[in-house]
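Only this structure's heavy atoms are used, side chains among them; waters, hydrogens and symmetry mates stay out.
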Amino acid sequence: MQYEKYTGRSRDDFATLDDLQKNYKLTVPDNFNFAFDCLDEMAAETPDALALLWISNEGEEKRFTYEEIRRLSVKAANFFIAQGIEKGDMVMLTMSRDWRYWPVLMGLHRMGAVAVPATYLLTKKDLEYRMNAASIKMLLTTPRFGVIGAMEDALADCPTVKKLAVFGGNPPNEKWLDFDKELENAPETPISRNNVKSDMMLMAFSSGTTGYPKMVWHDYTYPLGHIMTGCFWHRCQPDGLHFTISDTGWLKSLWGKMYSQWLAGSAVFTYDFDKFSAPDILDKIAKYKVTTFCAPPTMYRYLIKEDLKKYDFSALHHCTTAGEALNPEIYKVWKENTGLKIFEGFGQSETTLSCWTGYPWMQPQLGSMGMPAPGYRMVIVDENDNEVAPGVTGEICIRTDEAGGGKPFGMFSGYFRDDEKTAQIWHDDLYHTGDTAYRDEIGFFWYVGRTDDVIKSSGYRIGPFEVESVLLEHPAVTECAVTGVPDPERGFAVKATIVLSQGYEGSAQLTKELQDHVKKTTAPYKYPRIIAYADALPKTISGKIRRVEIRENDEQLTMYN
């Protein structure tokens with residue numbers, strides 16, 4: 001497989017966990033470029049092998065080989081050059097899960113422009129901030145979801161945007177290019193690489209759970225940082241079919257929709273749906289014989305509410321999750337009905353997979369993040385950046401000193417145009433993730449929460465995740481978020497905001513039942529003294545719960561004490 005060129009060994013060569021962590025190393029040419037060094041070689045070695053299976057929202061199927069993706073990417077690169085896009089220019093891609101994303105991204109890598117993925121959920125305000133903050137020069141977008149309207153509204157205040165293109169439909173007016181026609185007519189003139197591996201290749205906006213999203217930029221080594229993601233954690237196999245649900249507007253899509261899956265010889269499955277439907281997703285997994293699958297815990301939560309026994313999962317052999325901590329109840333129900341474990345992974349927009357439970361030499365510990373991935377020297381530190389003892393909660397940090405190997409492959413190069421913010425979270429060769437956890441005696445990491453989310457009550461440090469996991473075991477609870485509210489005696493009291501399952505209504509009686517359930521299942525001091533019922537939880541556009549917003553708006557909720 002392709003990844004063996006850069007690791008020097010097959011993944012089956014590593015005999016033990018210690019062997020993998022000590023001896024896994026990457027060797028990368030100074031001018032590494034995934035489009036030339038990986039895609040082109042795969043197209044030359046296995047031109048007719050399936051690279052991408054795409055299903056539209058309406059059920060249309062398209063299959064692309066590596067050679068077809070290569071050829072289209074060369075045409076895409078020539079299209080961008082013809083539009084005046086140059087090396088280092090920012091091109092925003094709002095493409096949902098459309099098949100064109102794959103050759104477009106490879107085309108941008110090929111000619112040296114910076115790809116800026118963006119979700120179609122962005123509003124006028126979101127777009128204005130992103131376009132101006134990153135000096136976007138060109139937009140390439142879908143006509144679906146009304147996103148063009150939001151872009152048109154924003155463009156008057158975004159002077160750096162010079163070129164507009166739309167695919168999959170007629171341009172709305174003369175300002176917009178018809179990308180499909182332009183791509184068809186673009187030449188296949190070979191492109192010469194013009195990058196070194198430290199150049200900016202990709203720029204993404206973080207989720208922004210507190211404040212404006214940060215601009216995270218990655219260099220050309222980023223794809224190889226994901227060898228661990230697809231080849232080891234996802235366990236993608238040659239001739240397999242991997243399905244990661246994520247929209248291409250998020251970096252999570254690059255964890256599971258391109259780089260490492262192809263390096264492992266696995267084709268990518270993508271379903272370009274308009275609206276998430278659990279039965280629909282399950283049907284696609286069964287119908288197309290998906291072999292490896294990854295989704296966030298929130299989506300698994302909806303999948304397990306279906307009758308899983310109705311679906312044929314005989315081709316599926318490995319499942320993973322990331323984005324938030326996995327609640328034990330989801331793991332238990334999924335395994336009971338499919339026979340498959342769910343292997344967790346931890347990472348951020350700033351990193352690749354940095355901690356995971358997919359090692360073949362160990363059994364996952366239910367609820368644990370796992371152990372650090374090779375290349376990532378993860379530690380738990382206190383407020384003075386001193387490492388803490390096992391069992392003590394602190395912040396997850398990553399060591400990046402040169403003596404220990406330096407910055408891991410796949411880790412970001414900084415926040416674009418914000419050296420001050422970069423220095424705040426990455427100093428003294430220590431990158432601060434903003435997430436808290438503790439490490440047990442064996443070396444497993446156990447997630448507690450974001451730094452700002454940990455609740456200090458009566459001298460105890462309480463992580464939201466552990467209380468939420470217990471509440472989700474109760475049939476009345478579909479979703480929940482645990483936060484702290486000021487309390488004159490305890491400092492902070494634990495509060496749970498709950499979205500109820502169908503057929504349940506909030507009441508003082510149900511509140512007591514839920515409180516008793518927590519007291520009986522975990523340490524009594526963790527039980528929520530306040531419970532509020534809501535129709536929905538506030539979330540970021542990437543689907544992460546915004547606990548900060550709950551804390552700010554507590555007075556607007558109906559509470560039962």
Side-chain angles (χ1 to χ4, degrees), residues 50-64 93-105 117-123 140-150 166-169 179-180 207 234 241-258 261 266-308 310-313 315-316 319-324 330 334 338 478-479 536 539-544:
L50 180 67
L52 175 67
L53 170 55
W54 175 80
I55 312 299
S56 75
N57 185 66
E58 293 73 31
E60 178 190 4
E61 296 182 17
K62 284 183 179 290
R63 297 170 185 265
F64 297 89
L93 308 175
T94 310
M95 304 184 72
S96 182
R97 299 167 180 85
D98 189 86
W99 64 264
R100 297 165 183 84
Y101 180 77
W102 282 256
V104 162
L105 192 68
T119 176
Y120 56 84
L121 298 169
L122 297 176
T123 64
L140 177 58
T141 190
T142 175
R144 295 156 61 196
F145 312 110
V147 68
I148 289 181
V166 63
F167 59 84
F179 176 75
D180 292 328
S207 297
H234 285 157
L241 189 64
H242 179 77
F243 183 15
T244 284
I245 290 184
S246 176
D247 165 22
T248 62
W250 307 109
L251 281 193
K252 183 61 176 67
S253 69
L254 296 182
W255 287 42
K257 286 185 179 289
M258 188 174 297
Q261 289 69 38
S266 177
V268 171
F269 176 83
T270 188
Y271 173 36
D272 196 11
F273 57 84
D274 281 354
K275 185 177 181 181
F276 174 80
S277 162
D280 198 15
I281 295 296
L282 293 167
D283 179 67
K284 296 296 184 295
I285 293 172
K287 178 179 178 180
Y288 291 98
K289 305 299 182 184
V290 168
T291 57
T292 51
F293 176 64
C294 187
T298 300
M299 288 189 176
Y300 274 109
R301 189 172 297 129
Y302 286 99
L303 295 177
I304 65 172
K305 291 183 179 294
E306 302 301 316
D307 181 4
L308 297 176
K310 290 169 43 180
Y311 301 93
D312 177 11
F313 295 130
L316 189 64
C319 301
T320 48
T321 192
E324 291 183 299
I330 298 172
W334 183 260
T338 67
T478 291
E479 285 190 302
K539 296 177 181 177
T540 67
I541 52 179
S542 65
K544 294 181 180 179

Worksheet entry | Pairing residues for Arg97 by the salt bridge (charged side-chain N to carboxylate O under 4.0 Å, His left out) criterion, not counting sequence neighbours | none
Worksheet item: Atom CG in Asp247, atom CG in Asp272: separation rounded to 0.5 Å?
Response: 8.5 Å
Discussion item. Test of understanding: with ring-ring contact (aromatic ring centres under 6.0 Å, His included), list the residues that count as partners of Phe276, not counting sequence neighbours.
Written reply: none
Discussion item. Please enumerate all residues that pass salt bridge (charged side-chain N to carboxylate O under 4.0 Å, His left out) together with Lys62, with sequence neighbours excluded.
Written reply: Glu60
Worksheet entry | Closest non-hydrogen atom pair between Leu241 and Val290, with its separation | O-CG1, 3.6 Å
Fill in: Listed partners of Lys289 passing salt bridge (charged side-chain N to carboxylate O under 4.0 Å, His left out), at least two apart
Asp312
Fill in: Steps toward side-chain contact (heavy atoms from CB on, under 4.5 Å) verdict (Phe273, Ile245)
CA-CA 10 Å; Phe273 57 84; Ile245 290 184; 3.9 Å; yes
Discussion item. When you measure from the side chain of Lys257 to the backbone of Val268, do you find a donor-acceptor pair of N or O atoms at a distance under 3.5 Å?
Written reply: no
Discussion item. Using every non-hydrogen atom in the two residues, find where Asp274 and Tyr120 come nearest and quote the distance to one decimal.
Written reply: O-OH, 4.3 Å
Worksheet, complete the sentence: ring-ring contact (aromatic ring centres under 6.0 Å, His included) filter on Phe64, not counting sequence neighbours, yields Trp99
Worksheet item: Judged by atom type as modelled, is there a donor-acceptor pair below 3.5 Å linking the side chain of Thr321 to the main-chain atoms of Ala295?
Response: yes
Fill in: Closest non-hydrogen atom pair, His234 against Gly256
CE1-CA, 3.9 Å
Response to the item:
Between Pro143 and Ile148 the two heavy atoms that sit nearest each other are CA-CD1, 3.8 Å
Sequence neighbours excluded and cut-off under 3.5 Å, please list the side-chain donor-acceptor pairs for residues 278-287, or say none.
residue, atom, partner, partner atom, Å
Asp280, OD1, Lys284, NZ, 2.8
Asp280, OD2, Tyr271, OH, 2.3

Item to complete: Can you label the angle between the Trp334 ring and the Phe293 ring as parallel, tilted or perpendicular, going by 30° and 60°?
Response: parallel
